[in-house]
Amino acid sequence: MPEETPKSLTLLVLSGDMEKGLAACNLALAARASGRPVTLFFSFWGLNFLKRPGARAGGAFLARCFSRINSDDAARQRLGRFHMLGAGRWALLRLMGRYDLLPVREGLQAAHQMGARIMACSNTLQLLGLQRDDLIHEVDDVSGALGFLDAADEGTVVTLS
Amino acid sequence: MPEETPKSLTLLVLSGDMEKGLAACNLALAARASGRPVTLFFSFWGLNFLKRPGARAGGAFLARCFSRINSDDAARQRLGRFHMLGAGRWALLRLMGRYDLLPVREGLQAAHQMGARIMACSNTLQLLGLQRDDLIHEVDDVSGALGFLDAADEGTVVTLS
Amino acid sequence: MPEETPKSLTLLVLSGDMEKGLAACNLALAARASGRPVTLFFSFWGLNFLKRPGARAGGAFLARCFSRINSDDAARQRLGRFHMLGAGRWALLRLMGRYDLLPVREGLQAAHQMGARIMACSNTLQLLGLQRDDLIHEVDDVSGALGFLDAADEGTVVTLS
């Protein structure tokens, strides 16, 4: 008799705060390690986690201005609480290093290598004036909200907003 | 043989940030377009999305004071990130208009016309000193937490907090 | 014929804002009152809701510094919106008292007495330099992300982030 298929985990990342990215990676890694299929869907400010450092928005003038302000990317994000001009982030990353906890970029790479699927929201890309080439190469798919809903149907959904 | 019933989508909106309202509408519209039953439950600051512009809190003195400060309503909400005294909101709404993306109010109306059910949290109403008449007419139900849990039992739950 | 088992509710609390704690308690109490099994998993800033007042972080110098700044605990948390140096919290707690709504600490106690299971994230404990003794006695388990995933598999998941 075949073993029961484990339930999948779908993560919807709407926030760009570093804490939310860390939680997403932590859950994705634990889920993959226990054999659960994992999909990470990044939308709105969450898309920052997928932005290649140095990527420049194109298109509308407003989109290009906005991209100057919304400058976080895959390698560097602000904390939602206690950012303190970067001091809080620095302290947290140092503490994490001491316990071998991965920053978001390395966490995403590890999750992807373990088979997690990474999706970017097509509406957000358009709005921010970004192209697929502006995203890190771990992105498997660019899709609308329906892509998220189809992935979510089968199992556990965690929203990081 | 009858087709399988699609899973439902239940959205719990606890935040009043415009981004969260946009995400809720976007998901609700995609879910209805693909035949999924949809319930939107608004609680805490999320109730602002349902407040009729110009509604005035009654009851306790504190509730009336609080309502002056918590002044967002169905037609106008601040951004959680990059609000910049309204400049961020203005830029985002302009960019959205360019790609035919709807602001929250129009998005909620469209979702409701497509059959999404809109619920308001009764505890929050009481706390904020509001009556049902202070809410937009698209609200189908006013209910406690149990109303949300009953809707959530059947399908996918997304929390926007 | 046996009655159908009600679906469980699993709450993932990642935020330390008082609103999120109130929502978690409200949902947990309604779910228990209707016979649903309930698990509350607290991680990241959400762990503040479980910190015994006066608990002092040990370990690394940075962890001890951080704990001075991240000073919220089970008895006292800031609001995410309209905190206003404590005035918003004071007003909200007074309004809640008028309608017999419980603050987070009493809400958690009540939920625990009604059978809700309370879990603390082991990674977060380590990162913040806290021991299990620094947490309120209602905590049933200290566990990693897998503990959350196992609880989540069976039913409704609500993320408060």
Side-chain angles (χ1 to χ4, degrees), chain A residues 7-17 20 39 41-48 57 59-72 77-80 83 121-130 143-161, chain B residues 4-38 45-46 79-84 87-102 107 111 152 154-161:
Chain A
K7 290 192 83 175
S8 69
L9 174 68
T10 306
L11 293 149
L12 176 59
V13 186
L14 294 172
S15 162
D17 298 342
K20 313 300 168 65
T39 303
F41 190 95
F42 293 85
S43 184
F44 238 104
W45 311 125
L47 207 82
N48 286 346
F61 173 68
L62 267 175
R64 280 179 284 135
C65 289
F66 213 73
S67 120
R68 290 287 167 123
I69 296 164
N70 182 30
S71 62
D72 284 5
Q77 308 91 30
R78 71 199 71 185
L79 277 175
H83 185 65
C121 171
S122 51
N123 275 357
T124 310
L125 266 187
Q126 193 183 42
L127 209 57
L128 300 182
L130 295 171
S143 149
L146 205 52
F148 161 74
L149 289 172
D150 286 339
D153 269 349
E154 299 311 316
T156 300
V157 174
V158 170
T159 321
L160 297 155
S161 65
Chain B
E4 218 186 318
T5 323
K7 292 191 84 176
S8 68
L9 173 69
T10 306
L11 292 150
L12 176 59
V13 186
L14 295 171
S15 161
D17 298 341
M18 195 176 84
E19 300 95 315
K20 313 299 166 67
L22 292 172
C25 291
N26 197 2
L27 286 166
L29 289 168
R32 283 308 300 142
S34 58
R36 290 164 168 91
V38 173
W45 311 125
L79 276 174
R81 211 184 226 199
F82 305 127
H83 185 65
M84 302 180 294
R89 168 174 56 197
W90 174 83
L92 189 63
L93 285 171
R94 267 198 77 141
L95 278 169
M96 284 167 53
R98 182 185 291 261
Y99 300 113
D100 297 321
L101 299 173
L102 299 174
E154 300 310 316
T156 300
V157 175
V158 169
T159 320
L160 297 156
S161 64

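By convention in this document, chain letters (A, B, ...) are assigned in the order of the sequence lines, proteins followed by strands, and residues within each chain are numbered from 1. Since this is a predicted model, take the numbers as computed values, not measurements.
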Toward chain B, the part of A:Leu12 with a non-hydrogen atom under 4.5 Å: side chain
B:Leu22 portion near chain A, given a 4.5 angstrom heavy-atom threshold: side chain
Most contacts with chain A, counted as non-hydrogen pairs under 4.5 angstrom, among B:Arg98, B:Lys7, B:Arg81: B:Arg81
More than 12 heavy atoms from other groups under 6.0 Å of OH on B:Tyr99: yes
Spacing of A:Asp153 atom CG and B:Arg36 atom CZ [to the nearest 0.5 Å]: 4.5 Å
Straight-line distance of B:Leu27 CG to A:Ser43 OG, nearest 0.5 Å: 7.5 Å
Spacing of B:Glu19 atom CD and A:Ser161 atom OG [to the nearest 0.5 Å]: 10.0 Å
Separation between CG of A:Leu128 and CG of B:Leu95, rounded to the nearest 0.5 Å: 8.5 Å
Over all atoms of both residues, closest heavy-atom pair of A:Phe66 and B:Gly88: CE1-O, 4.1 Å
Toward chain B, the part of A:Leu149 with a non-hydrogen atom under 4.5 Å: both
Shortest non-hydrogen separation from A:Ala145 to B:Ala30 and the atoms involved: CB-CB, 3.7 Å
Shortest non-hydrogen contact from B:Ala23 toward A:Leu14: CB-CD1, 4.0 Å
Residue, of A:Val157, A:Leu146, A:Asn70, that accumulates the most heavy atom pairs under 4.5 Å with chain B: A:Asn70
Donor-acceptor pair, side chain of A:Thr159 and main chain of B:Thr159, under 3.5 angstrom: yes
Interatomic spacing from OG1 in A:Thr124 to CG in B:Asn26 - rounded to 0.5 Å: 8.0 Å
Nearest-0.5 Å distance, CG of residue A:Leu62 to CG of residue B:Leu93: 11.0 Å
Side-chain heavy atoms of B:Met84 within contact of A:Ile69, under 4.5 Å: yes
